[in-house]
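All remarks here apply to the structure that follows.
Computation of the quantities below employed the complete heavy-atom set of this structure, encompassing side-chain atoms and omitting hydrogens, waters and symmetry-equivalent molecules. Both ligands and their constituent atoms are indexed starting at 1 by order of listing. Owing to the predicted nature of the structure, the values given are computational and were not obtained by experimental measurement. For this chain, numbers begin at 1 and follow the sequence in order.
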Amino acid sequence: MAELVDRDDGADTPHENEGRAPPPPVPRNKKKGKGKKKAAPTLTSEAQRREELQQLVARMRRSRVQDDGGDKRKPHKFWDTQPVPKLDEAIEDAQINDVIEPNKSQSDIRQEPYAMPEGFAWSDLDVTDESVLKEIYTLLNENYVEDDDAMFRFDYSMRFLTWALTPPGYRAEFHLGVRAARGKKGLMAFITGVPAWCVVRGKRVKCVEINYLCVHKRLRTKRLAPVLIKEITRRVNLAGIFQAVYTAGVVLPKPVASCRYFHRSLDPKKLIEIGFSRLAPRMTMARTIKLYKLPETPTIPGFRAMQPGDVKECTTLLTSYLEKFKLHPHLDESEVAHWILPREGVVDAFVVEDPETGAITDLCSFYHLPSTVIGHEKHNTLNAAYSFYNVATSVPLQELMRDALICARNVQMDVFNALNVMENDQFLKDLKFGIGDGHLQYYLYNWKCAEMRAEDVGLVLL
Ligand code: MYA
């Protein structure tokens, strides 16, 4: 198929395929290929040869990923036209913390939507309409982020998408689709923004959080993504917002922070069966299951599910905790109620209530993001919990997160994932998390500031 989009700024000419989309995180020692195992002491020479070959391929693949993603000299025909720092631009001065382009006046903002190529049309998507939500679900379920080996693909549930896209103050015009203009007018591409206040190195900045950029597999590499990004930018600018925050697995100009995923097995047998992880050398399945076994129920006195009556205290607890990070959201009570209060199958949150005073002293939360296990005869779904916002004041963070793991296991999660953001490093090792093979890059649009370390990041995007 030919190139799809017009070239109004010279940024949308076709070029070589990009590196693969950012993968759902998988452990670094994920089983590669079809059932091959890592070297064990009793390997035959044939098995050793295969193992070496496999390791070589893995090394080559790792270096390819680095070259594709991190080559600072590679031109970015679209991103080089955008108000973002260049990849080779080192910003070390912590005093630099400001917009790149000044805010535009309404009259300087393009009033009409960017042109769609023949056969396609913009579509404002009403996510409160069940049938539209189903279409979005299906597009993402079939075309959104996969791991490098195409073994897993994110499977955001409809209830999850409703949650993610309708926080307080959301704007319907930031839920943007592209449809085929004829026939069944199916949904072919998608991008979303939700307004949020972020605090960047102490400065409060009105932002949109951009997410769910997706182009149907049949329309890939035709420069549709830049048009989606430009159109959402135009709409967001018209609403008086000029900064954005987003995350991606790929390296683009230019990450403000680079984070890693870590994984804690909850159902190691299933994870091994589906190739998400593999049996460690010299380990039997029985020993592996024992290694990851957790108590039946949470152990901290006063640990219970968060309730609406806890929102006020949780807001105080969370907002004051987040202040210590260089990039964090600023959340009010309505937002804490939206984002943190439990929603079945979407987000779970727990508090510790002081048994004597009744005060809420701790908070932990995780969201449910399954992945489709592509083409597996026994398992269709990998059930994953993702660490969200956690604050420990009465117990060590590690103890709190242990109870979070127990709760995740008790709602049938197979794995618990956490980024090395905030203070998560404090519990990853002791709670038996393993490092994943994916990086998650954090980006700011139209903002220039010094890079930060993963542990300076106090923001989790869905
Ligand atoms: S991250 C999740 C992204 N989605 C997926 O990975 C799902 C599977 N993949 C796809 O659907 C497609 O491969 C996508 C690219 C849509 C990703 N973020 O159309 P193309 C650049 C930004 O020919 P396609 C998320 O949702 C690429 O470098 N740019 O490519 C956050 C190249 O530009 P340049 C990306 O493969 C999204 C150009 O696109 C990404 O058919 C944040 C090629 O376009 C990416 N993940 O489609 C978006 N991947 O030539 C930015 C590739 O310059 C928001 N590209 O290198 C910015 C703020 C906007 C609002 C501002 C308001 C003030």
Side-chain angles (χ1 to χ4, degrees), residues 1-5 7 9-24 68-69 71 74-84 86-87 99-101 103-104 109 117 120 139-148 150 153-154 156 164-165 171 174 176 178 187-196 198 205-255 438-447 461-462:
M1 198 186 293
E3 172 192 357
L4 273 174
V5 293
R7 302 181 206 173
D9 60 4
D12 298 337
T13 49
H15 71 148
E16 302 260 295
N17 259 353
E18 298 307 312
R20 290 302 304 272
D68 284 355
D71 187 346
K74 186 184 133 191
H76 288 276
K77 285 182 187 153
F78 168 65
W79 281 108
D80 289 348
T81 67
Q82 297 298 299
V84 292
K86 302 279 173 269
L87 270 180
V99 303
I100 295 174
E101 275 178 10
N103 294 0
K104 293 179 180 145
I109 301 167
F120 297 93
L139 177 79
L140 297 181
N141 170 266
E142 293 171 359
N143 300 279
Y144 200 49
V145 179
E146 295 176 6
D147 69 306
D148 279 344
R153 184 167 53 243
F154 281 143
Y156 287 89
L165 297 176
R171 316 260 314 208
F174 296 174
L176 176 59
V178 173
L187 191 59
M188 303 308 288
F190 189 51
I191 190 166
T192 66
V194 294
C198 278
V205 185
K206 184 73 189 187
C207 288
V208 278
E209 295 173 353
I210 299 288
N211 210 342
Y212 307 113
L213 168 63
C214 183
V215 169
H216 195 288
K217 287 184 175 196
R218 289 205 305 270
L219 298 181
R220 292 277 168 87
T221 67
K222 301 183 189 310
R223 312 303 303 184
L224 195 53
V227 190
L228 282 158
I229 295 169
K230 285 191 292 185
E231 178 59 15
I232 194 98
T233 302
R234 190 186 71 82
R235 291 171 179 228
V236 168
N237 285 170
L238 282 172
I241 302 174
F242 298 91
Q243 272 69 42
V245 57
Y246 48 101
T247 54
V250 287
V251 175
L252 305 162
K254 187 199 176 181
H439 289 253
L440 189 71
Q441 314 292 347
Y442 277 71
Y443 297 95
L444 296 170
Y445 182 91
N446 193 17
W447 195 264
L461 298 182
L462 303 172

| request: Considering the heavy atoms of Asn143, write down every atom of ligand 1 situated less than 4.0 Å from one of them. | output: 8 (C)
| request: Run down the list Leu140, Val215, Leu213 and name the one with the heavy atom closest to atom 26 (O) of ligand 1. | output: Leu213
| note | Honestly, for Val236 the part within reach of ligand 1 (heavy atoms, under 4.0 Å) is side chain
| query | Taking non-hydrogen atoms only, is Phe242 closer than 4.0 angstrom to ligand 1 via side chain, backbone, both or neither? | reply | backbone
| query | Between Tyr246 and ligand 1, which part of the residue brings a heavy atom under 4.0 Å of the ligand: side chain, backbone, both or neither? | reply | side chain
| Can you tell which of Leu461, Leu139, Leu252 gets a heavy atom nearest to atom 35 (C) of ligand 1? | Leu252
| query | Which part of Leu228 is near ligand 1, with near meaning a heavy atom under 4.0 Å away: side chain, backbone, both or neither? | reply | neither
| query | Counting each atom of ligand 1 from 1 as listed, which ones have a heavy atom of Thr247 under 4.0 Å away? | reply | 1 (S), 25 (C), 31 (C)
| remark: Heavy-atom nearest pair, His216 first then Leu187, reads CD2-O, 4.5 Å
| request: Can you label the angle between the Tyr156 ring and the Tyr212 ring as parallel, tilted or perpendicular, going by 30° and 60°? | output: perpendicular
| What atoms in ligand 1 come closer than 4.0 Å to a heavy atom of Pro226? | 19 (O), 38 (C), 44 (O)
| request: Pick whichever of Asn103, Leu444, Thr233 has a heavy atom sitting closest to atom 59 (C) of ligand 1. | output: Thr233
| Contact check, Asn211 vs ligand 1, heavy-atom distance below 4.0 Å | yes
| remark: When Asn237, Leu213, Ile210 are each screened for side chain to side chain contact (heavy atoms under 4.5 Å, CB included) with Ile232, the one that passes is Ile210
| query | In terms of atom number and element, which parts of ligand 1 are under 4.0 angstrom from non-hydrogen atoms of Lys77? | reply | 34 (P), 50 (O), 53 (O)
| query | Under 4.5 Å between any side-chain heavy atoms of Arg234 and Ile109, yes or no? | reply | yes
| request: Looking only at distances, please establish whether an N/O atom of ligand 1 is found under 3.5 Å from an N/O atom of His76. | output: yes
| Where is the tightest heavy-atom contact between Cys214 and Leu140, given as atom of each residue plus distance? | CB-CD2, 3.7 Å
| request: Below 4.0 angstrom from a heavy atom of Cys214, which ligand 1 atoms are there? Numbered from 1 as shown, please. | output: 11 (O)
| query | Hey, looking at atom 7 (C) of ligand 1, which of Tyr144, Phe154, Phe190 has the closest heavy atom? | reply | Tyr144
| remark: Of all heavy-atom pairs linking Trp79 and Val84, the shortest is O-CG2, 3.8 Å
| said: Within this structure, what is the CZ-CG distance for the pair Arg220 and Asn143, rounded to the nearest 0.5 Å? | reply: 6.0 Å
| said: Taking side-chain hydrogen bond (donor to acceptor under 3.5 Å, both in side chains) as the definition, give me every residue that meets it alongside Gln243, ordered by chain and number, with sequence neighbours left out. | reply: none
| message | At under 4.0 Å between heavy atoms, is it the side chain or the backbone of Gln243 that contacts ligand 1, or both, or neither? | response | backbone
| said: Just to be sure I read this right, does ligand 1 sit under 4.0 Å from the backbone of Trp79, its side chain, both, or neither, counting only heavy atoms? | reply: both
| note | Any heavy atom of Lys222 under 4.0 Å from ligand 1? The part involved is backbone
| task | Identify the residue among Val236, Thr192, Thr233 that makes a side chain to side chain contact (heavy atoms under 4.5 Å, CB included) with Val208. | result | Val236
| field | Whether Tyr144 and Phe154 hold their rings parallel, tilted or perpendicular, with breakpoints at 30° and 60° | value | tilted
| said: I want to know if ligand 1 touches Arg223 in the polar sense, i.e. an N/O pair below 3.5 angstrom. | reply: yes
| query | Which of the atoms of ligand 1 are close to Phe78, meaning less than 4.0 Å from one of its heavy atoms? | reply | 33 (O), 34 (P), 50 (O), 53 (O)
| Are the side chains of Lys74 and Leu87 in touch, meaning some heavy atoms are under 4.5 Å apart? | no
| said: Heavy atoms only: which of Ala225, Pro253, Gly249 lies closest to atom 39 (O) of ligand 1? | reply: Ala225
| message | Which heavy atom of Arg218 sits nearest to which heavy atom of Lys222, and what is that distance? | response | O-CE, 4.0 Å
| request: Enumerate the atoms of ligand 1 whose separation from the nearest heavy atom of Leu224 is less than 4.0 angstrom. | output: 19 (O)
| Closest heavy-atom contact between Leu176 and Glu231? | CD2-CG, 3.5 Å
